[in-house]
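Note sheet for the following structure.
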Protein chains: 4
Amino acid sequence: MDSRPTPADASPWLPFENRRRARDEKRDAVLRVAVQLFLEQGYHRATLNDVAERLNITKPALYNYFRSKDEILYACWSLGRELVDDAIAAIDAGGGPGLARLRKLVHAYAELMATDFGASLVRFDPRDLTEAHRRIVRAAKKKIDRSFRDYIAAGIADGSVRRCDPKLSAFAIAGSLNWIGHWYQRDGASSPAEIADEFTLRLTEGIAATPDKPARGGPKTKTARKASAPGKQGRKPPRGGTG
Amino acid sequence: MDSRPTPADASPWLPFENRRRARDEKRDAVLRVAVQLFLEQGYHRATLNDVAERLNITKPALYNYFRSKDEILYACWSLGRELVDDAIAAIDAGGGPGLARLRKLVHAYAELMATDFGASLVRFDPRDLTEAHRRIVRAAKKKIDRSFRDYIAAGIADGSVRRCDPKLSAFAIAGSLNWIGHWYQRDGASSPAEIADEFTLRLTEGIAATPDKPARGGPKTKTARKASAPGKQGRKPPRGGTG
Amino acid sequence: MDSRPTPADASPWLPFENRRRARDEKRDAVLRVAVQLFLEQGYHRATLNDVAERLNITKPALYNYFRSKDEILYACWSLGRELVDDAIAAIDAGGGPGLARLRKLVHAYAELMATDFGASLVRFDPRDLTEAHRRIVRAAKKKIDRSFRDYIAAGIADGSVRRCDPKLSAFAIAGSLNWIGHWYQRDGASSPAEIADEFTLRLTEGIAATPDKPARGGPKTKTARKASAPGKQGRKPPRGGTG
Amino acid sequence: MDSRPTPADASPWLPFENRRRARDEKRDAVLRVAVQLFLEQGYHRATLNDVAERLNITKPALYNYFRSKDEILYACWSLGRELVDDAIAAIDAGGGPGLARLRKLVHAYAELMATDFGASLVRFDPRDLTEAHRRIVRAAKKKIDRSFRDYIAAGIADGSVRRCDPKLSAFAIAGSLNWIGHWYQRDGASSPAEIADEFTLRLTEGIAATPDKPARGGPKTKTARKASAPGKQGRKPPRGGTG
DNA sequence: GATGAATGAGTGTTCATTCAT
DNA sequence: GATGAATGAACACTCATTCAT
């Protein structure tokens, strides 16, 4: 048995396997493995050798796809960013009252935080990037923050959200969500969908105009909601909230 | 102008200065500089040479006070932990309804997150520590988390807090607070006290039994609350909530 | 003039030379240079830089072949051990009376002590090795000692050796031989073969059953025995016997 | 209980003890501890801190008695040398046939090899000394070797020793003896006196003019010779002769 | 496209030695 | 005489990166 987190067949370089998959596929494989390793061991402790080893290739081969270690880091982050951007774009496209949109974002963001690339967004240290990339990261984060605030402001305007400071509220909500990226573990007690459901409810009930009466579950998930009556204590985030 | 964050006179080794301060004072100076540097540049990028240089000593001199780099890291973290423990002890000693205690904790914790040693608690990576220290860290974090939950549970019992899942709520609150350690900057728009006041209000209003009517300001701070009417947009967290 | 003991062409890394020799050849070259340097300067005084320099490579390149300095030390020792083991195996395979086998061993061992890898066996300090390797070393030494004793015991049994304490006699003989590793120098007055001949004679005459009548020269060497009549003072160990 | 090899009271700096002993006494104490540590751990692994610690003093205090670490090493060696010189002087003063004197030397030398300062002579590496000291060491060793050869030559002249090559014989004998310094352990099976007796017998029986008839025991020791008939297997050197 | 081999720059750590007190 | 503190010089080891093949 192979106890490595990534099943060996995730690597397009597997020996005895067709080695002619598209370049992009290989690039993606590098990122999948890298993001995992970076999260698992931390960027500085994880060596390119580790990455290469898990891919059944050698270290210099990585340089066919990336120019440097920090470029890999950036690419990981970038993939995570795309996910958030897509989510935001979809929500924006959907329209609806501010509170609904906020809830959709919270839900999507929470789920993303439970993915490798999503967690990249908050667990990687921008100081490991080049200045150029660092600037891009800063801008992207600002944009995401903007969305939170905009939805809240819109909600206030359309009456779905109580009067409050959008900046600060966005801030508190995002902080809570970001933290998920630090504690979530695949083998934890709660599934990403469950966590997302709960956080959607909890993080918005405080600012909803009509407290306590969201349609419970907001953006529906196909999640098997394992018999937890609303209002009852049921959700179980795996570890302590202090990280 | 000296652009270094620590004013030079923070070092007991300053040339031409009285070198006879106590050993503990020097040890503390090392920690003050180290925690700063670790936060500023990240643990791995900050070298012991950097630390020593800022103290006007040489690298090996550090080994008079600490046995290894990771021991310095642990000592920094340890100091932060003491601060939290003291705060919790004081609150426990004070008694009062669950909600009041929760607010005190939120307030104290938020303020701590704006200090170097406080931020250590959430910004240092336990994987940089020895296994022994890592275990201590884990236990301490669990204990802090416990306090959040206990206060909430007590609040529910005494009627000061609405029925909710203590675990999850503690989780959301602590997540939001921890995040402060990641974005707070000394030169930001809001003072630690202001941030603490706001977070105390916002993070607990959602679960208070009688929403919207906290005595506004919870644990009073002597903070000059610069004319910001409740409900109006006044608080200014420096950067986006997405870290 | 190049005063270095190893002629430059011993290095497969010589500049402007074909660099494509086999990996094992390079590994061996490292060992050849390392053992030399370790004997010459002592393990602690010899740095990996020294080793690398003599090989026209850089220090980290050594890590392609060995994981640590002490692993190099062990590998040197290990090569020496193989030589002894082979000699013993050959003698065991050959059979013959105890005394004859003892003489063969003394002869072979003496000659080995005059080689770099042979001297490793007695000049390297096992305390520089890891515990695991140290155990192997101890076991190997015990096994060699065993052979000396067994041959003596066999000799007593078959009448070729006088009655004596095999343990102690083996001890005295081996001690004398081991010491060769400490004083022998390539540029000394006696060749390894000469030394081996003499020691074979002297160290066994005391315990031979029929004193004074070994076939003079025991295991014949093709050594040019430079006109030294038996009984006359001819052999010239380079330096004093006190090391 | 104190498990350290040297009883604590060997240190003139022991707390609560009269601290006013003579300077030389302290110097000697340093040497006693140093030689022990150097033999125990090896010169390079033993730090001056280790030495100081065992003496209940601090590292710089050592510099009151010695100018450098290698001077301590030399002083240890020097003490050992005195012991041998004294023995030789006594033997020379005593006169007697060559064989008798040789046996006295072998006996005395063997016993010395079982002492810390005696072992210094053969276990310390002269390359750790300054060039000046190294020269002294070389000269001293030559002189000792000279004595062995002289006694043998005298023995041949007076008929007590069989015709042989004095140089080589001295060499083999001394080698065997030196090796004792490498394997002797205080807690071994044989006492120094027993070892000395045995080696005196064995190492000279081969070259005695009338083999097998030494007055058994040569230079008498008061050693309790635990019932071991001559010629029978009785002596038990603790470990293998291969070091 | 991939690799084996090599490197340069750096990092924590050790330790004999010095010096002001 | 003794110490606490500091230092300089080294050293083993790591790792991202390069390059000839």
Side-chain angles (χ1 to χ4, degrees), chain A residues 12-13 19-21 23 26 44-52 55-72, chain B residues 12-13 18-23 26-27 44-52 55-72, chain C residues 12-13 19-23 26-27 44-52 55-72, chain D residues 12-13 19-20 23 26 44-52 55-72:
Chain A
W13 287 274
R19 288 171 176 259
R20 261 176 260 235
R21 301 194 193 177
R23 175 185 174 84
K26 292 187 187 171
H44 288 102
R45 267 175 304 273
T47 74
L48 289 190
N49 244 340
D50 294 338
V51 174
L55 288 165
N56 293 110
I57 59 171
T58 59
K59 185 165 48 168
L62 296 173
Y63 285 81
N64 285 324
Y65 306 101
F66 300 95
R67 269 193 298 269
S68 66
K69 193 188 184 189
D70 68 74
E71 197 183 285
I72 298 181
Chain B
W13 288 273
N18 179 12
R19 285 170 181 259
R20 250 175 302 176
R21 302 196 193 174
R23 174 183 180 82
K26 292 190 187 169
R27 205 187 118 107
H44 288 102
R45 266 174 307 272
T47 74
L48 290 188
N49 247 337
D50 294 338
V51 175
L55 288 165
N56 293 111
I57 57 173
T58 58
K59 185 165 50 168
L62 295 173
Y63 285 83
N64 278 328
Y65 307 98
F66 301 94
R67 270 191 298 268
S68 64
K69 193 189 184 188
D70 70 73
E71 198 184 285
I72 298 181
Chain C
W13 287 275
R19 285 170 180 257
R20 250 175 303 175
R21 301 196 193 175
R23 174 181 180 86
K26 292 189 186 170
R27 206 187 117 108
H44 288 102
R45 267 174 305 273
T47 73
L48 290 189
N49 246 336
D50 294 339
V51 175
L55 289 165
N56 292 112
I57 57 172
T58 58
K59 183 165 49 170
L62 295 173
Y63 286 84
N64 278 327
Y65 307 98
F66 301 95
R67 268 192 299 268
S68 65
K69 194 188 184 188
D70 69 75
E71 197 184 284
I72 297 182
Chain D
W13 288 273
R19 287 170 178 259
R20 263 176 260 233
R23 172 183 177 84
K26 292 188 187 170
H44 288 101
R45 266 175 304 272
T47 75
L48 290 189
N49 244 340
D50 294 339
V51 175
L55 288 165
N56 294 112
I57 59 171
T58 59
K59 184 166 48 169
L62 296 173
Y63 285 82
N64 285 323
Y65 307 100
F66 301 94
R67 269 194 298 270
S68 65
K69 192 188 184 188
D70 69 74
E71 198 184 284
I72 297 182

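Here is how names work: the chains are called A, B, and so on, in the same order as the sequence lines, proteins then strands, and each is numbered from 1. Just so you know, these numbers use all the heavy atoms, side chains as well, and skip hydrogens, waters and symmetry mates.
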*Considering only side-chain heavy atoms of A:Y65, which listed nucleotide, E:dA6, F:dT7, E:dA2, is closest?*
E:dA2
_CA sep, side-chain torsions, deciding dist, call: D:L48, D:I72, side chain to side chain contact (heavy atoms under 4.5 Å, CB included)_ = CA-CA 10 Å; D:L48 290 189; D:I72 297 182; 4.1 Å; yes
Between [atom2] on [N] and [atom1] on [X], what's the gap in Å once rounded to a whole number?
{"X": "A:L55", "N": "E:dG1", "atom1": "CG", "atom2": "C1'", "value": "15 Å"}
{"X": "B:F66", "N": "F:dA6", "atom1": "CZ", "atom2": "C1'", "value": "16 Å"}
{"X": "A:E71", "N": "F:dT17", "atom1": "CD", "atom2": "C1'", "value": "13 Å"}
{"X": "B:R27", "N": "F:dG4", "atom1": "CZ", "atom2": "P", "value": "17 Å"}
{"X": "D:L62", "N": "E:dT17", "atom1": "CG", "atom2": "P", "value": "10 Å"}

_Can you tell me how far apart CG (A:D50) and NZ (A:K59) are? Round to the nearest 0.5 Å._
9.5 Å
If you take all heavy atoms of [X] and [Y], which pair is closest and at what distance?
{"X": "C:E71", "Y": "C:Y65", "answer": "OE2-O, 4.4 Å"}
{"X": "D:N64", "Y": "D:R23", "answer": "O-NH2, 2.6 Å"}
{"X": "B:A46", "Y": "B:K69", "answer": "O-NZ, 2.9 Å"}

*Dot-bracket encoding per residue of DNA chain F, Watson-Crick/G-U cut-off under 3.5 Å, | denoting interstrand*: .||||||||||||||||||||
*asked:* Strictly below 4.0 Å: does D:N64 bring a side-chain N or O up to OP1 or OP2 of F:dA2?
replied: yes
*Respond yes when some side-chain nitrogen or oxygen of B:R23 is under 4.0 Å from OP1 or OP2 of F:dG4, and no when none is.*
no
*For C:T58, what residues pass the side-chain hydrogen bond (donor to acceptor under 3.5 Å, both in side chains) criterion, not counting sequence neighbours?*
none
*Go along nucleotides 8-14 of chain E 5' to 3' and tag each nucleotide: B for a protein heavy atom under 4.0 Å from its base, S when only backbone or sugar atoms are that close, - otherwise.*
BB-SBBB
*Would you check if there is a donor-acceptor pair between the side chains of A:S68 and A:D70 at a distance under 3.5 Å?*
yes
